[in-house]
Amino acid sequence: MRHGVILSVGVLALLGFAASLLLPWSSLQALLAADRDLGLTFLLELRLPRAALALVYGAMLGSAGAAIQALFGNPLASPDLTGTTSGAALGAVVTAYIIGAASSFAMAIGAVAGALASLLLLIGLAGRRAETATLLLAGLAISALAGALTTLALALAPSPFAFYDAYSWLMGSLIDRSLPQLGFAAVPAAVAILWLARLAGPLDRLALGEEVAESLGHDLGRLRLQIICLSALGVGACVAICGAIGFIGLVAPIFARRLTGGHAGRAILPAAAIGALLLILADLASRFAPLGRTLPIGVVTALVGAPFFLWLVARMRWGMAR
């Protein structure tokens with residue numbers, strides 16, 4: 001039954017991908033009718049990268065969130081709440097607007113470095129198996145610091161238009177991305193997702209306790225380093241292209257663990273499928289904003305994810321009070 005549900009999620013994500021290519025249909029139909037070649041170019045050069053990036057970024061956030069939650073043994077750990085995405089955004093902004101290296105490759109290097117620094121700082125502050133309160137406080141502190149430093153970097157940037165240039169990117173955007181940018185985000189993300197999936201067994205055994213995992217022959221130091229570096233690599237590359245998008249990495253793993261019987265490691269690939277579906281749906285929703293405007297996709301995910309997060313915290317609090 002659970003395998004069928006996971007397969008259904010994957011099929012829905014692919015259907016969402018197809019819908020993202022075709023919707024809104026009226027404008028595409030009119031363009032194809034007026035000039036077929038121009039319509040196909042519009043489809044392949046603009047809509048295809050946008051739809052594919054939604055799948056890739058959502059899958060990366062879902063898988064990284066599942067791995068980070070398994071590593072910390074905490075369902076509230078996620079790339080955005082641990083400061084990974086805000087650290088990546090800081091690294092990309094410093095690279096592009098302070099150092100002046102605005103190429104996709106340079107921004108990705110900066111974003112990966114920022115994400116890696118945030119995760120290492122989190123482990124240093126909160127510990128490897130942090131309690132919920134400690135993890136949240138450390139993660140929120142890192143996110144706030146990274147956000148403040150990002151604003152400071154934009155304020156001190158040589159260009160007086162840095163804030164305006166970076167606004168849509170900082171809020172998360174898939175609009176006007178190209179096929180080379182898609183490849184630049186997709187390759188590191190695919191490597192990270194597949195490698196994280198290979199760590200499912202050790203992560204499931206880690207849930208039994210560090211002593212049990214070590215007695216079964218797992219090198220926990222190496223496992224932690226792999227998860228930190230892979231999450232930083234995949235999330236950093238996606239943030240460099242699409243900006244910071246929150247809450248997908250929190251929500252997707254929680255639903256995925258329900259499909260895998262609570263096994264945190266086995267939830268990595270299902271979380272990737274759920275994350276891809278959630279982000280493609282958020283992108284579709286952003287296209288149908290009132291007054292013909294397009295909402296930043298990060299706003300859509302926050303509007304849905306923030307109430308879910310509050311409900312999750314309240315549920316955990318009620319559970320401890322019983």
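Remember, predicted model here, so these are calculated numbers, not experimental data.
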Between CD1 of Ile254 and CG of Leu259, what distance do you get to the nearest 0.5 Å? 12.5 Å
With a 4.5 Å cut-off on side-chain heavy-atom distances among I, L, V, M, F, W and Y, is there a chain of contacts connecting Leu230 to Leu194? no
Transitive ILVMFWY side-chain link Leu44 to Leu174, under 4.5 Å: yes
Quick one: closest heavy-atom pair of Ser63 and Ile193, and the distance? OG-CG1, 3.3 Å
Is a side-chain donor or acceptor of Tyr57 paired with a backbone partner of Gly243 at a separation under 3.5 angstrom? yes
So if you build clusters from Ile, Leu, Val, Met, Phe, Trp, Tyr with side-chain heavy-atom gaps below 4.5 Å, do Leu284 and Leu14 land together? no
Shortest non-hydrogen separation from Ala153 to Val93 and the atoms involved: CB-CG1, 3.9 Å
Could you give me the CA-CA distance, side-chain angles and deciding distance for Trp195 and Ile227, then say whether side-chain contact (heavy atoms from CB on, under 4.5 Å) is met? CA-CA 9 Å; Trp195 202 328; Ile227 292 173; over 6 Å; no
If we only count heavy atoms from C-beta on, is the Ile109 to Thr95 side-chain gap below 4.5 Å? no
Would you name the heavy atoms of Leu203 and Leu71 that are closest together and state the gap between them? CD2-N, 4.3 Å
Side-chain hydrophobic cluster, 4.5 Å single linkage: members besides Val112: Leu233
Should Val94 and Leu145 be counted in the same cluster of Ile, Leu, Val, Met, Phe, Trp and Tyr side chains packed under 4.5 Å apart? yes
Joining Ile, Leu, Val, Met, Phe, Trp and Tyr whenever any side-chain heavy atoms lie under 4.5 Å apart, the cluster holding Val187 also takes in none
Which atom names give the shortest non-hydrogen contact between Thr150 and Ala89, and what distance separates them? OG1-C, 4.4 Å
Going by side chain to side chain contact (heavy atoms under 4.5 Å, CB included), name the residues that satisfy it together with Ser178, two or more places apart in sequence or in a different chain. Pro180, Gln181
Identify the heavy atoms of Gly236 and Ala111 that sit nearest to each other, and give their distance. O-CB, 3.1 Å
For Ala185 and Val56, work out which heavy atoms get closest and say how close. O-CG1, 4.2 Å
Determine yes or no for a side-chain-to-main-chain donor-acceptor pair under 3.5 angstrom, with Arg257 supplying the side chain and Phe255 the backbone. no
List in chain and number order the residues that pass ring-ring contact (aromatic ring centres under 6.0 Å, His included) with Phe184, two or more places apart in sequence or in another chain; answer none if no residue qualifies. none
Apply side chain to side chain contact (heavy atoms under 4.5 Å, CB included) to Ala64 and list each qualifying residue two or more places apart in sequence or on a separate chain. Met60, Pro79, Ser231, Val235
For residues 264-283, which side-chain N or O atoms pair as donor and acceptor with protein atoms under 3.5 Å away, sequence neighbours left out?
| from | atom 1 | to | atom 2 | distance (Å) |
| --- | --- | --- | --- | --- |
| Asp283 | OD1 | Arg50 | NE | 3.0 |
| Asp283 | OD1 | Arg50 | NH2 | 3.0 |
| Asp283 | OD2 | Arg50 | NE | 3.3 |
| Asp283 | OD2 | Arg287 | NH2 | 3.0 |

